[in-house]
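Have a look at the structure below, then the notes.
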Amino acid sequence: MDLQPSPSGRSSTVGRISSFSVADSGGQTLSSVLNNPHAGKLEASWGWWSVAPPEFAPLTSTKAACDLTRSDFQSYVSSISDSYYRFEDIRNHTTKEQTLDVDNIGEALVACLREVPALYFKEDFALEDGGTFRAACPFTDVSENIMLQEKLSHYLDVVELHLVKEISLRSNSFFEAQGQLQDLNVKIVEGCNRIRDLKETIRLVDTDLVDSARQIQELNATRTNLLALQHKLKLILSVNQALSALKLLVASSECAGALDIIDDLQHLLDGDELSGLHCFRHLRDHVVTSIDSINSILSAEFMRASIHDKGDKDSVILLKAKARASISLNGEDVGVNLDEEETTNFRDRLLPLIIGLLRTAKLPFVLRTYRDTLTADMKTAIKTAVAELLPVLVGQPPESDMGAEHTVDADGGGLSLASKLRSLSSGSFVQLLATIFKIVQAHLVRAAEVKRAIEWVMCNLDGHYAADSVAAAIALGAMVAESSQESNGQGGALPLSASLRSTSKVLSSPGKGSDAISPSNLSKNFRADVLRENAEAVFAACDAAHGRWAKLLGVRALLHPKLRLQDFLSIYNITQEFITSTEKVGGRLGYSIRGTLQSQAKSFVDFQHESRMTKIRAVLDQETWVEVDVPDEFQAIVSSLFDSEAIVSGSKDNAESNMTESYSNEGSQVGSVAQNEPTDSSSTTAVNAAQGKAEVIERKKSDAVTSSQSNNSNTKERGKNATQTLEYGGVSYHMVNCGLILLKMLSEYIDMNHLLPALSLEVVHRVVEILKFFNTRTCQLVLGAGAMQVSGLKSITSKHLALASQVISFIYAIIPELRQILFLKVPEPRKSLLLSEFDRVAQDYKVHRDEIHTKLVQIMRERLLVHLRGLPQIVESWNRPEDADPQPSQFARSLTKEVGFLQRVLSRTLHEVDVQAIFRQVVVIFHSQISDAFSRLEIGTPQAKDRLHRDITHILGCIRSLPSDNSNNSATPNWGQLDEFLAQRFGAEAS
């Protein structure tokens with residue numbers, strides 16, 4: 001639609017626009033509104049300029065610029081709106097065509113593929129192929145052939161049209177790329193020319209300036225290389241000389257100098273000076289071989305000095321033992337201690353060996369080897385001693401002990417080693433143990449000296465000339481050991497040279513490690529390892545000796561419980577002395593041998609107890625409960641065992657006196673090894689002390705055994721050194737045979753308690769057991785009348801009961817002292833339980849004694865009842881006129897006779913207090929029973945009444961003569977119901 005603005009409207013509009021442009025926009029023209037870059041094309045195509053353009057008059061405004069609003073431009077916008085919209089449509093269409101031209105590149109070929117069949121675009125398309133030809137030309141006549149030709153021509157035109165279109169779309173890019181390539185070729189040519197110029201300039205500079213300076217530098221480098229070569233040749237010469245010297249030093253066993261050379265070579269190997277030298281490619285292997293050789297030399301020399309150079313002391317000890325066994329001579333003991341000069345020389349001999357082994361960190365390994373060798377040597381020495389001494393000791397005449405059992409092998413080829421050991425008497429076996437003790441001492445003294453020498457080197461070299469060398473060796477060895485452990489922890493064992501190389505790296509960088517691996521801590525750990533292995537070596541030797549000793553004891557385990565106390569004590573004491581001495585040297589407890597000794601000691605106590613239980617059972621079963629005379633030896637046993645002062649010190653004084661005597665016989669005592677080791681005469685001292693303790697006891701009891709055996713045969717011959725009673729605590733006791741046998745057994749238990757203090761608890765239990773058995777069996781035999789079946793007694797009389805009461809009373813009296821003696825060795829925590837056990841035993845004995853007394857009272861009561869049953873017949877005879885007997889009746893005479901007999905028996909046997917207690921009960925029974933019986937009688941005649949009065953008077957006379965404590969506080973002795981009955985029947989005057 002063409003705009004036809006009026007002149008007046010256009011002028012006003014143009015005026016407003018001009019006014020606005022001048023005032024606010026800096027001017028606005030028609031070209032800025034209708035700016036079209038394709039003006040000519042649009043004009044030809046669309047007829048843009050065929051329409052007369054509107055006339056634009058300058059905009060005039062009557063308002064100020066600040067008063068303009070959008071409505072002021074409304075007329076102008078309305079006039080150009082159609083032209084502006086047409087312009088926007090043309091511009092958008094042009095932009096879209098350009099975009100489609102770019103986006104449609106390649107779409108022509110796609111369209112061509114859509115119009116032309118795909119058969120013609122196959123890579124293997126060939127019309128000469130039959131199948132392809134039939135597919136491309138399917139005609140049957142000429143008309144179809146013409147149509148096919150036209151179709152093919154059409155396909156060709158389509159392809160050519162689309163190719164031309166694609167080429168036209170890509171022509172701009174192609175020519176642009178061609179132009180860029182031409183520009184690049186020009187720049188390349190310019191660059192090559194520039195490079196040619198620069199190379200020429202560099203050649204000129206090199207010729208004029210650089211050649212002379214480079215020649216000086218090359219000459220300087222040649223001089224430096226020649227100097228390095230000279231230094232390398234000198235180094236090769238020195239290394240070669242060092243290798244030669246190292247071979248000579250190793251061959252001559254100069255280990256210290258060889259280690260110095262090895263340290264120098266190792267430093268060279270750790271650095272880079274020998275790297276690349278083919279001639280020294282095996283140098284590290286040579287160093288390792290030399291170190292191994294040095295370790296072997298040092299180890300062999302250490303073993304020789306520590307073990308093999310101790311002299312022939314074992315042979316000398318065996319010769320002395322054989323001579324003593326053959327001719328019974330006490331030869332002088334072989335000295336096994338080292339004096340001060342020998343100790344100093346020995347330490348000086350070990351010092352360089354220890355330093356060398358410390359430098360190579362092999363001392364712990366060598367000490368482990370030394371431990372194994374020392375243990376094997378200890379076992380071999382003990383085995384040799386047993387093998388050489390057994391033929392001599394077996395040939396001795398056997399003693400009369402139970403240990404001499406000769407057993408022959410099944411093949412008849414002689415005694416085996418175990419059989420020979422079992423066939424030895426206890427004295428010969430103790431002699432064998434004493435010899436082994438001395439041999440073990442000789443070995444342990446040497447081992448202890450080695451231990452102290454190593455401790456002296458490791459810890460106590462302050463102020464010594466070798467202190468610095470030892471400290472450096474410990475530090476180096478600690479680092480080598482730590483490096484070896486690290487390499488082993490990483491899964492491979494490196495040679496010693498690698499360990500030394502890593503050690504030098506650690507030492508060269510001390511600030512990179514933590515405090516846990518500082519040199520001081522490593523030295524402490526290494527020193528601790530050495531000292532631990534050192535202590536383990538001596539302990540292993542002690543443990544081996546303990547094992548061999550325990551094995552010897554184990555072979556005779558069945559014989560030792562059957563020995564006499566003296567013989568077993570000899571074996572026990574020498575073993576205890578051996579354990580104490582070896583534990584002092586080894587520094588640890590020998591649990592295995594202590595267990596063996598404790599087991600055999602317990603077996604000994606058990607066997608002795610069982611034999612005594614069997615014996616006391618047989619004695620009790622054969623006991624006839626007849627009083628026997630008490631030999632003075634039994635009185636001596638009671639006096640020595642239960643004396644208040646001898647309880648604590650008696651046995652100890654005897655043992656100490658005998659030990660002192662044995663020391664004086666042996667001569668001067670050899671000094672102890674460093675105040676902590678066994679003496680040479682300790683084994684002999686142990687044997688003598690054991691024999692001394694046991695001999696005191698045997699001398700004290702030898703006669704007692706003989707007299708007890710004679711008593712056991714029930715002989716009544718009284719020896720000139722025998723008494724009728726046994727005195728204890730100012731009280732006399734009548735004894736029977738079983739009581740004396742029990743006393744002797746209790747004394748033997750006390751001896752075992754003193755001599756085997758470790759088994760005091762077991763002994764106390766056995767004493768309690770035998771006391772319980774004796775009390776129970778005695779009760780069964782006497783109170784239970786068992787003796788009538790087992791001993792052949794016709795009856796249990798009051799005499800039997802009284803003697804049983806005396807024996808039970810004696811045992812009850814000595815139980816407190818017996819408890820005090822036995823409890824001297826019992827541990828405090830166990831005393832309370834055992835005290836209660838003893839209290840129960842004592843209470844059982846007291847109850848048993850009271851039951852015997854009650855039994856005596858019961859016997860008298862039964863006899864009274866028997867007589868009272870015949871009283872009515874006697875009373876009937878009183879009423880007869882012809883009865884004029886002036887004597888008391890048969891009832892009264894028989895009753896008083898039996899009471900008198902009981903009084904005589906009990907008074908001769910029991911204590912006065914017991915007799916009074918018994919007859920006090922008898923008097924009470926008589927008063928009550930007789931008065932009741934007389935009160936029931938019917939007395940009708942004066943003659944019968946007179947006879948009653950006569951019997952009562954006779955019976956009361958007997959009652960008043962009985963022992964009594966006068967408990968009723970009456971002026972008349974034993975006043976009671978019968979006295980009251982007499983006063984009631986016959987008046988107070990008759991009473």
Side-chain angles (χ1 to χ4, degrees), residues 560-561 563-566 568-569 572-573 576 594-595 597-617 620 637-638 640-652 654-655 690 693-694 697 700-701 728 738-739 741-778 807-808 810-848:
H560 289 168
L563 296 177
R564 295 176 301 172
L565 178 61
Q566 177 183 357
F568 180 79
L569 189 63
Y572 180 85
N573 282 351
Q576 192 67 42
R594 282 185 177 274
L597 181 61
Q598 189 75 4
S599 175
Q600 292 203 5
K602 187 176 183 300
S603 298
F604 174 79
V605 172
D606 290 340
F607 180 82
Q608 297 296 324
H609 175 68
E610 290 299 328
S611 62
R612 282 162 177 77
M613 289 290 290
T614 304
K615 182 178 180 180
I616 195 65
R617 184 181 293 108
L620 284 171
I637 291 175
V638 174
S640 63
L641 289 179
F642 301 111
D643 182 69
S644 60
E645 295 181 357
I647 289 175
V648 179
S649 60
S651 60
K652 294 183 179 179
N654 292 330
K693 289 181 181 179
I697 299 169
K700 184 175 63 177
K701 303 173 184 176
Y728 172 70
C738 63
I741 297 298
L742 179 62
L743 174 62
K744 181 178 179 297
M745 291 181 178
L746 291 177
S747 68
E748 292 172 349
Y749 280 111
I750 291 175
D751 295 337
M752 282 191 285
N753 184 71
H754 283 310
L755 299 175
L756 301 174
L759 294 174
S760 180
L761 190 63
E762 298 292 335
V763 173
V764 172
H765 280 296
R766 303 307 184 271
V767 170
V768 171
E769 184 178 350
I770 198 170
L771 287 176
K772 287 182 178 179
F773 174 78
F774 184 84
N775 184 50
T776 303
R777 189 57 179 164
T778 302
V807 175
I808 295 299
F810 172 73
I811 302 300
Y812 175 72
I814 67 174
I815 282 179
E817 295 295 338
L818 183 65
R819 179 180 62 186
Q820 183 178 358
I821 294 171
L822 295 176
F823 277 34
L824 290 175
K825 306 293 184 180
V826 176
E828 287 295 334
R830 306 299 297 272
K831 282 186 177 181
S832 59
L833 180 61
L834 292 178
L835 281 174
S836 62
E837 287 288 334
F838 262 96
D839 292 340
R840 282 194 292 270
V841 172
Q843 183 65 24
D844 292 342
Y845 272 83
K846 183 177 182 299
V847 171
H848 187 187

In Å and rounded to the nearest 0.5 Å, what is the [atom1] to [atom2] distance from [X] to [Y]?
X      : Y      : atom1 : atom2 : result
Thr778 : Ile811 : OG1   : CD1   : 9.0 Å
Leu818 : Ile750 : CG    : CD1   : 5.0 Å
Ile808 : His848 : CD1   : NE2   : 5.0 Å
Lys825 : Leu761 : NZ    : CG    : 14.5 Å
Arg777 : Ile770 : CZ    : CD1   : 14.0 Å

Give the minimum heavy-atom separation between [X] and [Y], together with the two atoms involved.
X      : Y      : answer
Phe810 : Val638 : CZ-CG2, 4.2 Å
Asn753 : Ile821 : ND2-O, 3.7 Å
Pro829 : Ser832 : O-OG, 4.0 Å
Ser760 : Leu822 : OG-O, 3.4 Å
Gln600 : Phe568 : O-CZ, 3.9 Å
Ser603 : Pro561 : O-CB, 3.6 Å

May I have the step-by-step check of side chain to side chain contact (heavy atoms under 4.5 Å, CB included) for Leu565 and Leu755, ending in yes or no? CA-CA 9 Å; Leu565 178 61; Leu755 299 175; 3.9 Å; yes
In the structure I gave you, are the side-chain heavy atoms of [X] and [Y] within less than 4.5 Å of one another anywhere?
X      : Y      : result
Met745 : Lys615 : yes
His560 : Leu563 : yes
Tyr749 : His609 : yes
Phe604 : Leu756 : yes
Leu771 : Leu746 : yes
Met613 : Glu769 : yes
Val807 : Phe774 : yes
Val841 : Asn775 : no

Any ion pair linking Lys602 and Asp606 (charged N to carboxylate O, less than 4.0 Å)? yes
Do the charged groups of Glu828 and Lys831 touch, with an N to O distance under 4.0 Å? yes
From Arg819, His765, Lys772, residue fulfilling side-chain hydrogen bond (donor to acceptor under 3.5 Å, both in side chains) relative to Glu837: Lys772
Pair Phe838 and Phe823, ring centroids less than 6.0 Å apart: yes
Under 3.5 Å donor-acceptor, Ser836 side chain and Leu833 backbone: yes
Test side chain to side chain contact (heavy atoms under 4.5 Å, CB included) on Leu569 and Arg564 and set out the steps. CA-CA 8 Å; Leu569 189 63; Arg564 295 176 301 172; over 6 Å; no
Answer yes or no: does atom CZ of Arg830 have more than 12 heavy-atom neighbours from other residues, nucleotides or ligands under 6.0 Å? no
Evaluate side chain to side chain contact (heavy atoms under 4.5 Å, CB included) for Leu597 paired with Gln576, printing each intermediate quantity in order. CA-CA 8 Å; Leu597 181 61; Gln576 192 67 42; 3.3 Å; yes
